[in-house]
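This report refers to the structure that appears directly beneath it.
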2 protein chains.
Amino acid sequence: MSDKAVSGSPTLEDVARAAGVSRATVSRVINGIRNVDPAIQDLVRRAVEATGYVPNRAARSLVTRRADSIALVLSGAGDDERDLAPDEAEGDVFTDPFFGRIASGVVGFLRPRGMHPVLMLADSADARQQVVTHLRQGHTDGAVVVSTHAKDPLPERLAAARVPVVRFARPPRPMPVSYVDLAHQDGARLAADHLVARGCRHVVTIAGPLDVPASQDRLTGFRDAMARHGHPYVPTAEGNFTQDSGERAMARLLAQEPALDGVFAANDLMAAGALHVLREQGRDVPGQVAVVGFDDSSAARASRPALTTVRQPVEDMAGEMARLLLDRIAAPEGRPTSVIFDPSLVVRRSA
Amino acid sequence: MSDKAVSGSPTLEDVARAAGVSRATVSRVINGIRNVDPAIQDLVRRAVEATGYVPNRAARSLVTRRADSIALVLSGAGDDERDLAPDEAEGDVFTDPFFGRIASGVVGFLRPRGMHPVLMLADSADARQQVVTHLRQGHTDGAVVVSTHAKDPLPERLAAARVPVVRFARPPRPMPVSYVDLAHQDGARLAADHLVARGCRHVVTIAGPLDVPASQDRLTGFRDAMARHGHPYVPTAEGNFTQDSGERAMARLLAQEPALDGVFAANDLMAAGALHVLREQGRDVPGQVAVVGFDDSSAARASRPALTTVRQPVEDMAGEMARLLLDRIAAPEGRPTSVIFDPSLVVRRSA
DNA sequence: CTGAAAGCGCTAACAT
DNA sequence: ATGTTAGCGCTTTCAG
């Protein structure tokens, strides 16, 4: 391998000279354009090898007007700033077990294609503006955005700026944006079926924040399925997807329905909170009470007993987001697309 | 705000025309170069405003030969591929609670400076080569690298390629690379002092993998401090920083030292594992056994009882890595630097 | 203190 | 099928 420093990198010109052809021809070979004599192609490739040539991305971008890179943006708070210290606000987003899986899926898809995502955080009005500007300038060709809050204005703003965007999760209000999502209702049904099959008669549920479509779907799906099983009424407490809120919700439910023998929580963190409260109250899980979570996050495996949970294939979904985005960048005029993934039940100890 | 599409973005030329000056002058103003008549500066700034001009980064990079962006690379497995499915291997790295905090710190530092990190994952030989190539090409000006395994060859390779690099944690073998680290021994001492002050007489410790310098330091620091407190012998079991390994280690120690009344685990995940095993064995925490973790990760707050732990200011450390890297990029010939942070004790329920 | 002009390395018409 | 040529938008000597 050549040991040339970045500064004196060989250019197209050098390769052309070495191969005895023109820059244009080398460019064609490099970019895999047909209409080049196979013999010459070989010649060029050999010259590339010999010179240790690597294309200069800035030069290429300048003329193609494409950055050949995409942004992975985590979009936090809503319209108003929250009164957290910046550190906390950030920790909030990145600490979510989801984030790692999303990043993993996106990177996993991009890497074989020689691309890497640019990580951006949009947790304040300023930050959001910065993201929009960045994208509009073409520093990145598009964005995969994960909003942690229901009415995050960013995706709509980006779409309005004609920036290719793919969201994680269906938007709260219909808007012309591509997205990837899960069949939440089916997932909730999986949980209901499992609980009923186990013989649970007094089932309760801890819902997520109801302004989030996913929470709504999980709740609706669960209630519908329970109703079909002959349980038209399911005591419900609302949480906000944190472990603490799960604990509080569980305590309320326990007071309201002391005879409960089954719990479905809308995510694993809240399920873990429920587990703690149940143990504190001396209820054996899964002996006396069965608990089912949602997501199959690391929290599900870390809990004791380990959580039976509805798996959301987040990595695959994130990879698909990247795929949709690249498609869209290649054909900007297409209509928004959406892909819905199927959940599956992962049975562990808790139910 | 102007609604111009990316395609027709105003250029320096446009601004120059609007301001009635030359491109060069506008460029000087934009780049904050002195020697420009204040009146003209104002004129130009107004023109920038009016036209909605934003510099084209590709064009700028082409001439300055700087990308104005850095890479955040997570470097996984050692020299050999591990026999995990790609998904697992990735999940592995990104799932680590550390990752989110690192990302948060780096982004927090970069964002006010208008920069965003490019996220790269180097968990196989191929991936590492890709990272090196990417950096050598100048797509990014340098890298902040976090190695999850002891003898990750990447930092050394990058340094050899004369790419500016800052590591998280002191390298296992001395090498000319800047890094940011924690005073692990001091942290361990904090834990020891706390346990002894609480009245613990039979203290054991769960160490991290001993080929990692941080694990060594924590163990050494803990033993030394305990010795100073009159406890020359501390039963020890080695884990690998996972919760499972913490459970196994705790079980072994319990068998070896049934009368134990204090546990120091080298990270929170292992401490959480210890908590589970202690509860299973009917030991009350903190009543009969006090448990102290390390890191102050989300796991510490999620545990029940919540973990008393040695806090590692990861976000600050990550921000500092970014700062050191930018300094180094600005002055590539300087000598490697290192910054050591102080740990602190966070007292919660477990001890 | 400001302007003119020369590229940075590459792609994409347009010729041939 | 290959070569010639004209920029992409910006920074940076070098003159003035």
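Worth saying up front: this structure is predicted, and the values here are computed from it rather than measured.
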From C-beta outward on B:L12, which listed nucleotide comes closest to its side chain: D:dC10, C:dT11, C:dT2?
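From the listed options, D:dC10 comes nearest.
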Identify which nucleotide among D:dC10, C:dT11, C:dT2 has an atom closest to any side-chain atom of A:T64, counting heavy atoms from C-beta outward.
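The answer is C:dT11.
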In whole angstrom, give the distance that lies between atom [atom1] of [X] and atom [atom2] of [N].
{"X": "B:R60", "N": "D:dC8", "atom1": "CZ", "atom2": "P", "result": "18 Å"}
{"X": "B:N31", "N": "D:dT12", "atom1": "CG", "atom2": "C1'", "result": "11 Å"}
{"X": "A:I30", "N": "C:dC10", "atom1": "CD1", "atom2": "C1'", "result": "11 Å"}
{"X": "A:H139", "N": "D:dC10", "atom1": "NE2", "atom2": "C1'", "result": "13 Å"}
{"X": "A:Y53", "N": "C:dG9", "atom1": "OH", "atom2": "P", "result": "10 Å"}
{"X": "A:R66", "N": "C:dC10", "atom1": "CZ", "atom2": "P", "result": "17 Å"}
{"X": "B:E13", "N": "D:dT11", "atom1": "CD", "atom2": "C1'", "result": "14 Å"}

For A:L324 and A:Y179, which heavy atoms make the closest approach, and how far apart are they?
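For A:L324 and A:Y179, the tightest heavy-atom pair comes out as CD1-O, 4.1 Å.
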Check whether any side-chain heavy atom of A:N56 lies under 4.5 Å from a side-chain heavy atom of A:T11, and answer yes or no.
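Counting from C-beta outward, A:N56 and A:T11 never come under 4.5 Å.
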Heavy-atom side-chain contact between B:R128 and B:L121 under 4.5 Å:
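The answer is no; the side chains never approach within 4.5 Å.
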Does A:F109 offer a backbone N or O that forms a donor-acceptor pair with the side chain of A:R113 under 3.5 Å?
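Judged by distance alone, yes, a pair lies under 3.5 Å.
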Between B:S147 (side chain only) and B:H149 (backbone N and O only), is there a donor and an acceptor less than 3.5 Å apart?
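No; zero donor-acceptor contacts below 3.5 Å.
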What does the list of N/O pairs under 3.5 Å between the protein and nucleotides 4-8 of chain C look like, with a distance for each?
unit_1: C:dA6; atom_1: N6; unit_2: B:R23; atom_2: NH2; d: 3.2
unit_1: C:dC8; atom_1: O3'; unit_2: B:R65; atom_2: NH2; d: 2.7

Whether A:F98 and A:F168 hold their rings parallel, tilted or perpendicular, with breakpoints at 30° and 60°
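It falls in the perpendicular class, over 60°.
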N or O in side chain of B:S27 less than 4.0 angstrom from D:dT11 OP1/OP2
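Yes.
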